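As the structure is a prediction and not an experimental result, all values here were calculated from the model. Numbered from 1 within each chain, the chains take letters A, B, ... in sequence-line order.
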There are 2 protein chains.
Amino acid sequence: MKLKNSKSVQVPGFKAGGIACGIKKNGTKDLTLIVSDTPAACAGVFTLNEVRAPSVVLSEKMVKSGKPIRAVVVNSGNANACTGKAGADNCHTVLKETSLQLGVRDEEVLMASTGVIGVPLPVEKITRGIPHLARHVSASRWSYAAEGILTTDLVAKMKSVEFTCAGKKIVIGGIAKGSGMIAPNMATMLGFLATNARVSAKVLQEALEIAVGDTFNRITVDGECSTNDMVLLMANGKAGNDEIKPGSKAFQEFLEALTVVCRDLAFMIVKDGEGATRFVTIQVRGAKSRNDAEVLGKRVANSMLVKTALFGADPNWGRIMGALGDAGVAIKPEKVDIAFNGMTIVQDGSPLEDISLAKLRKKMKCREVEITIDLNLGKAQCPTYTCDLSYDYVRINAEYTT
Amino acid sequence: MKLKNSKSVQVPGFKAGGIACGIKKNGTKDLTLIVSDTPAACAGVFTLNEVRAPSVVLSEKMVKSGKPIRAVVVNSGNANACTGKAGADNCHTVLKETSLQLGVRDEEVLMASTGVIGVPLPVEKITRGIPHLARHVSASRWSYAAEGILTTDLVAKMKSVEFTCAGKKIVIGGIAKGSGMIAPNMATMLGFLATNARVSAKVLQEALEIAVGDTFNRITVDGECSTNDMVLLMANGKAGNDEIKPGSKAFQEFLEALTVVCRDLAFMIVKDGEGATRFVTIQVRGAKSRNDAEVLGKRVANSMLVKTALFGADPNWGRIMGALGDAGVAIKPEKVDIAFNGMTIVQDGSPLEDISLAKLRKKMKCREVEITIDLNLGKAQCPTYTCDLSYDYVRINAEYTT
């Protein structure tokens, strides 16, 4: 399959936009709207945190109903989580105003929120902003939408792909935000994807869950799972393709394209992780099961000692061994091989003697580091993508206040 | 029971000492020896990490044999972990030299190591140092011993208590080290305790496990579990008391005194946690089970977002709610109450409106912070003791190299 990649987004039949409505004190964009010209099938994955914002509860309920939707409204700068009944009411108020301005039904609009937890949502600022925003969405303003969902992110995250499926041009595009509170647990950030493909909500959900499992769920910045995360995928059928059926070649192609979009957005989130200076791939191989490889990879990726060593460009494999041993998974330490950027440093659990630490350190000083851990116990493998832990993570999170 | 507390250690019938044998480049003490004049019953708890140093494997085997011991030799600056067969051989060499110099049997000496993982143990430096060290142990040199086991610790950690049990004066004293790689998992640091009480190895083990469960296992600095941790308790019977029997009043008193020593040493470890600026108690109450309270307390204590907020003196209860929801324990967010230093800020899952954030921030700026989390689901509770995450933790661990 030939995929055309792009870092900007434009999806036939979708309009998007973002404005500053006054939630963020610094005056940057904080309100985003994505609208489908026609009813779109919708799939979604949502945070597994026991503490969930009303936007998560409500949007999940609507996605589960299987009914088509028309729009998603997103605010940043306030998570509207742990805000009690008032929080739920405010969520409804925003949906009502959005549907009114768009001339659609209340239950055709989804909502997401991100930002500080436990502070009442400044609902008037949002409702005052919506009429203006609704008038200014356009096919070419996905970049505004991408800006409107950011919190501590430094860069907007966009991605789209284009491919031909049985003669029809299909586009999948989307935006995401991340930065802190990022750990793999279903969805662990906000992501909004759109496609002009014709595909039922059920099949869309199936594709989204597979794609997210291999991409967004494989990343971690700090092992923290948010109260507000969700990834939504809307499909409006404008491509005019035959409906994509599960198990078909079209489904495989669609899934492959969707996975590319999700993976690129996921990587952008890690690279823009709070304070991140390095993008790190932890590849666990030779495990007895994929689950073992996943648990071990996450344990290493979330180790504060491993993360600080990576910041210091220190090939500190001892900390990796310590983390592997502490993951609650049976391993054989004397069988473990570890390589940094393709250079084996540990074989059968012990360090190779002829390693040039100076050379290795130099290798570690690049923006991207790959750590390969071979357990030599089986054939399963799983990658985890993470970043290092720097002074800036501490600064950002010690100063980011309620 | 009347307990006499002391921050220095002297236990009848035990000698201790510490010297610099050249493992640490900065020339500070790195070799410790504790000797009992007569064979002593010994109890021990050891790291549950799957990756274990030969000193852990060997010492655990000897403790499990139930046979009396005469000495413990400890080196710092090198963990002798992940060092293959050579590491195990080096461990034996050190034990052999120590027993030779003390005129005791090989199997009467235990060993512990702490420091960098995966670097060959400079065994000659140690064996050259042992004869000198063996000649210079004395009843009054526990402070030297406390210094000899430190790594990134800033202060030596000592504690003893004295009490009268059926007319006999019993002393329990000990030393510990901690700093980084500290998380509750059986033992998670090094601790060496001695008592002149007469108590069998079996009963000693029972008392130690209870005491450690309530003290050392309740602390966490960074959620990392070491490959080398152990706590040993030796009893030489010099007090001449009737042997302490399980379930007796004497056992209760002994356990109480032992718990005081362990708790104080555990608190010293947290206060001296790498980069720590605050000592934080996380008290989880109203849980359905103690295990629930423990899991939730640890999840909050190990949250990088909670720890950085504590460093910033930020009463960021939203991050606490996020961590609680992500612990894998069923909670009812709408029932949770949270208080900082006795000041309730969250009731029924929502923030109280009349809180003075300025006042609260001031409260948070002290050296000791207590966070009380009431789940209002049951009657079980469990405390966790931790510290904040500061720039210095990153600095120490980005610069501490293999």
Exercise. When only pairs under 4.5 Å are counted, which of A/Ser350, A/Pro333, A/Cys82 shares the most heavy-atom pairs with chain B?
Worked result: A/Cys82

Seminar exercise, completed: Looking only at heavy atoms, the pair that brings B/Leu389 and A/Met304 closest together is CD1-CE, 3.5 Å

Problem set entry | Check: B/Asn49 side chain, A/Gly322 main-chain N or O, donor-acceptor pair, under 3.5 Å | yes

For this session: Applying side chain to side chain contact (heavy atoms under 4.5 Å, CB included) between B/Val394 and each of A/Val394, A/Asp392, A/Asp388, report the one that passes.
Result: A/Val394

For this session: Decide yes or no for B/Asp326 and A/Thr47: does some side-chain heavy atom of the first lie under 4.5 Å from some side-chain heavy atom of the second?
Result: no

Exercise. Which region of A/Val336, side chain (C-beta onward) or backbone (N, CA, C, O), has a non-hydrogen atom less than 4.5 Å from a non-hydrogen atom of chain B, or is it both or neither?
Worked result: neither

Problem set entry | Pairwise distance CG(B/Asn397) to CG(A/Asn316) - rounded to 0.5 angstrom | 9.0 Å

Problem set entry | Nearest-0.5 Å distance, NZ of residue A/Lys85 to CD of residue B/Glu334 | 14.5 Å

Problem set entry | For the student: nearest non-hydrogen atoms of B/Pro351 and A/Gly118, plus distance | CG-O, 3.2 Å

For this session: Before giving the answer on side-chain contact (heavy atoms from CB on, under 4.5 Å), spell out for A/Val51 and B/Ile331 the whole-Å C-alpha distance, their side-chain angles and the decisive distance to 0.1 Å.
Result: CA-CA 8 Å; A/Val51 179; B/Ile331 61 165; 4.1 Å; yes

For this session: Give, for atom CZ of A/Arg395 and atom OH of B/Tyr391, the distance between the pair rounded to the nearest 0.5 Å.
Result: 6.5 Å

